[in-house]
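One-based numbering, in listed order, for ligands and for the atoms of each.
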Amino acid sequence: MSDPSPFKARRDRLLARMAERGGGVAVVPTAPEVIRNRDTHYRYRHDSYFYYLTGFREPEALLLLVAGDEPRAILLCREKDPDREIWDGFRHGPDAARERFAMDETHAIDALDEVLASNLANQPAIYYALGHDATWDQRLTRALNSVRANSRGGVAAPPTIHDVRALLDEMRLIKDASEIALMRRAAAISAEAHRQAMRTARPGVFEYEVEAVVEQAFRRAGAQAPAYPSIVASGANACVLHYVDNDRRIADGDLLLIDAGCELDGYASDITRSFPVDGRFTGAQRDIYELVLAAQQAAVRETRAGAPWNAPHDAAVAILARGLIDLGLLRGSLDTVLENEDYRRFYMHRTGHWLGLDVHDAGEYKQGGEWRPLEVGMTLTIEPGCYVRPADDVPEAFWNIGVRIEDDALVTADGCELITAAAPKTVAEIEDWMAAGGDDA
Ligand code: GLY
Ligand code: MN
Ligand code: MN
């Protein structure tokens, strides 16, 4: 993080919204470190809400935002510690963090109890994600009780707790310029990883070898991690929606479904491509692929400011249902198939989700019981699929074909921009890209 100003702007907006609601103090901790086994931790990942407001990536940190006549941003973080820094690396420490992250005040996290209690005293409300982290719930309870213990001294604990996520989720739904720039870069890195994967996957190669190519491409381009466990699913594995074993040897004639996206500076990308490992779609593979592609194109056309959230999904489902009937995979009229949701046998997930700091990003999908309208600056995935498991009433040529096509979209005034479009997608683009590759590409 080089420029603290986008983070400060978000804090100021949250403070303004809290002030409109009568003021109070927001309590936003970062994520805990988590043991993987014995004395080894999982690689640390900050909390997305905390990061959104601070840009601070170290563990053991807390942000307090005090709304009112003199709004204040207070960061608590680890002290500098030359001995620990030899083992675990650099820590900003409170003094350097104040300037670096444009805070009004900073304190050592060791002073948590006093700083929390003094900033909670006499506040009208707390904004906090109650129930998200039991340890922080206990810390907050302890601080509230210590304020209550001083009631005869004339101080009162806040009588109200609001969920800070209700305000932050609405903010996170509309991406600002710095977020869009990062998401474009993350999308470009992931698209390039998919291009490399298409030139690596061949019959005889293991799924995990392709996974390694994808994730190497992420890291080589500077992304910190995959945004979610990479799915590299060949043959029948493509019909397992959350397949992550990635340990099968790819066979001649397989389709390979890769759902993988990097996280760059806290922002996720999320791409799926499905392609034939020997470089040519067979007839049945092509039929299903073209159908899913047509469904995606229909969904993309419905992705624009003002359209309800559900419009892209409905458009994709209508195309898929019609196509499944035409291919002999479903029987009955289009109306019946749609009404009975018979298509769910082959298409059982939804067509997208919000995308941002989290791969399934924060934000409500309905408002007042209605699908919310899309707005300029929202980011979402568009990812129809079709998964055909073997069954007596399904022509054998279609068995075990699993196709998903997923792109990341930025809603614009007159439509949407697919920021992942650099990954080959049409049948011709995929076959040409793979034909021009070869083992040495
Ligand atoms: N990769 C997670 C998803 O597509 O939703
Ligand atoms: Mn997705
Ligand atoms: Mn995905």
Side-chain angles (χ1 to χ4, degrees), residues 45 48 172-173 175 183-184 186-195 197-198 201 207 210-211 213-215 217-218 223-234 237-246 255-264 266-275 289 292-293 295-297 299-300 302-303 309-310 312-313 315-317 320 344 346-365 374 378-387 402-411 416-425:
R45 169 50 161 83
S48 295
R172 283 176 56 178
L173 267 174
K175 271 60 180 180
M183 291 185 70
R184 283 187 197 285
I189 291 168
S190 297
E192 174 56 26
H194 279 260
R195 288 160 70 86
M198 283 180 189
E207 293 166 343
V210 182
E211 176 186 357
V213 167
V214 168
E215 297 190 1
F218 293 168
Q224 285 80 8
Y228 53 90
S230 303
I231 297 170
V232 181
S234 62
N237 293 337
C239 294
V240 180
L241 297 180
H242 292 161
Y243 176 76
V244 289
D245 288 344
N246 299 352
L255 276 185
L256 184 66
L257 182 156
I258 302 178
D259 184 345
C262 71
E263 180 177 294
L264 177 72
Y267 283 83
S269 54
D270 184 6
I271 303 181
T272 309
R273 289 293 184 264
S274 312
F275 58 94
Y289 192 88
V292 175
L293 185 59
Q296 202 215 29
Q297 287 162 343
V300 169
E302 293 301 322
T303 303
W309 163 259
N310 214 35
H313 178 69
V317 161
L320 284 167
R344 289 178 63 90
F346 302 107
Y347 181 43
M348 57 296 283
H349 59 78
R350 297 195 60 86
T351 302
H353 49 81
W354 306 129
L355 181 73
L357 288 163
D358 298 312
V359 65
H360 297 161
D361 206 32
E364 299 293 345
Y365 291 90
L374 297 175
M378 288 178 164
T379 45
L380 61 146
T381 66
I382 305 176
E383 52 175 306
C386 183
Y387 315 90
V403 169
R404 178 162 63 257
I405 304 173
E406 176 173 29
D407 282 290
D408 302 345
L410 168 66
V411 179
C416 71
E417 179 189 340
L418 297 186
I419 59 177
T420 44
K425 187 161 68 174

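Every protein residue with a heavy atom nearer than 4.0 Å to ligand 1 is included here: Tyr228, Asp259, Asp270, His353, His360, Glu383, Glu406.
For residue His353, an N/O/S atom approaches the Mn ion (ligand 2) to within less than 2.8 Å.
Between the side chain of Asp408 and the backbone N or O of Asp270, at least one donor-acceptor pair lies under 3.5 Å.
Going from atom CG of Asn310 over to atom OH of Tyr365 covers 11.5 Å, rounded to the nearest 0.5 Å. Going from atom SG of Cys416 over to atom CG of Leu374 covers 9.0 Å, rounded to the nearest 0.5 Å. Here the straight-line distance linking atom CE of Met183 with atom OG of Ser190 works out to 10.5 Å at 0.5 Å rounding. The OH atom of Tyr347 sits 6.5 Å away from atom CG of Leu320, with the distance rounded to the nearest 0.5 Å.
Side chains of Asp259 and Tyr243 form no contact here, defined as non-hydrogen atoms less than 4.5 Å apart. A heavy-atom distance below 4.5 Å is found between the side chains of Leu241 and Arg404.
Only one option out of His349, His353, Gln296 pairs with Glu383 in a side-chain hydrogen bond (donor to acceptor under 3.5 Å, both in side chains); it is His353.
For the Mn ion (ligand 3), the count of nearby protein N, O or S atoms, meaning those under 2.8 Å away, is 4.
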task = May I have the step-by-step check of side-chain contact (heavy atoms from CB on, under 4.5 Å) for Arg184 and Glu417, ending in yes or no?
result = CA-CA 10 Å; Arg184 283 187 197 285; Glu417 179 189 340; 2.4 Å; yes
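Residues Arg273 and Asp407 are paired through a salt bridge, judged by an N-O separation under 4.0 Å between the basic side chain and the carboxylate.
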